[in-house]
Amino acid sequence: MAPVLEVRNLSVAYNGSQALEDVSFRVQQGERVAIVGPNGAGKSTLFKAMVGLIHPLSGRVEAKGAGFGYVTQRSAVDWTFPVTVHDVVMMGRIGKMGWLRWQRLRDREIVRRSLEQVGLLEYADRQIGELSGGQQQRVFIARALAQEATILLMDEPFSGVDSPSQEAILEILEHLRDQGVTLLVSTHDLNLAVERFDRLALLNRRLVAFGTPQEAVTPSTLAAAYGGQALWRGEDYALVLGDIDCCGETEHSHE
Ligand code: ADP
């Protein structure tokens, strides 16, 4: 089967320092891919290059269908901007509406259905900044649905989100497959990636491994992606990632 997405020999540099080097992989329609790697591995850069926000040094990205929906990291959004949940999702329709055209009944209906799908219809008139982090992520999933995106890219959607909200997001993402939506999610949570995704891309500037979690996660690929910081605990993919420069959650004890 032809892939819905193909990244070929992608290299990206910022001011001469290389953030991605010769990254290639293919994704089939409906697959859920976790992009995993340490801080600075190039995960955000990969997404930005895929949607055309930055120009690669070389390589290409080929996508079939109506295109990408891109959900940036929470920190990249100004949450004080006064806009309602409904309006954020309606922004997904703008490309479809064209310039100088009023919202049609159909646009409103699609927005309503998208909000319903993520369980937030009753929040339509709230300000986006009033919602919890997990709910905000769901609003942006609804926006991508309204946009009729066929490939959804989400950058660290679980960071700063409590575990019931994480579960709610994961369940929504699992249903997207039924609609043929392909999903790429970056996360620093290797266990989550192994347990809940079909494919795993281990990234550290280069693509260290790409495949099913069983194929992609081995002692040697972990060592290549994380250096000496990953500990392998046997065959069950119980992984301990200690002391990684990530997320500020690790506590260190000093005597
Ligand atoms: P990740 O999302 O995996 O944490 P990034 O894609 O944000 O990684 O960053 C990859 C590398 O590129 C890092 O070394 C980072 O410092 C660098 N980088 C990212 N964005 C920029 C930028 N706008 N200008 C210069 N360097 C950048």
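Starting from 1, each residue takes its place in the sequence as its number. Atoms within a ligand are numbered from 1 in the order they appear, just like the ligands themselves. Just so we're clear, the structure is a prediction, and the values are computed from it rather than from any experiment.
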Phe158 vs Phe197 aromatic rings, parallel, tilted or perpendicular, using cut-offs 30° and 60°?
perpendicular
Can we say Arg177 and Glu31 salt-bridge, meaning some charged N sits less than 4.0 Å from an Asp/Glu carboxylate O?
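No.
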Would you tabulate the side-chain donor-acceptor contacts of residues 11-18 under 3.5 Å, counting partners in other chains and residues two or more places apart, or write 'none'?
residue	atom	partner	partner atom	Å
Ser11	OG	Asp22	N	2.9
Tyr14	OH	Thr45	OG1	2.8
Gln18	NE2	Leu20	O	3.2

Contacts of Glu167 meeting salt bridge (charged side-chain N to carboxylate O under 4.0 Å, His left out) (sequence neighbours excluded), chain-then-number -> Arg196
At a 4.0 angstrom heavy-atom cut-off, what protein residues surround ligand 1?
Tyr14, Ala19, Pro38, Asn39, Gly40, Ala41, Gly42, Lys43, Ser44, Thr45
Could you list all the ring-ring contact (aromatic ring centres under 6.0 Å, His included) pairs where at least one residue sits in residues 28-64, not counting sequence neighbours?
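As it turns out, there is no ring-ring contact (aromatic ring centres under 6.0 Å, His included) pair with a partner in residues 28-64 once direct neighbours are skipped.
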Using modelled atom types and a 3.5 Å cut-off, is there a donor and acceptor pairing between side-chain atoms of Ser114 and backbone atoms of Ile110?
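A pair under 3.5 Å: yes.
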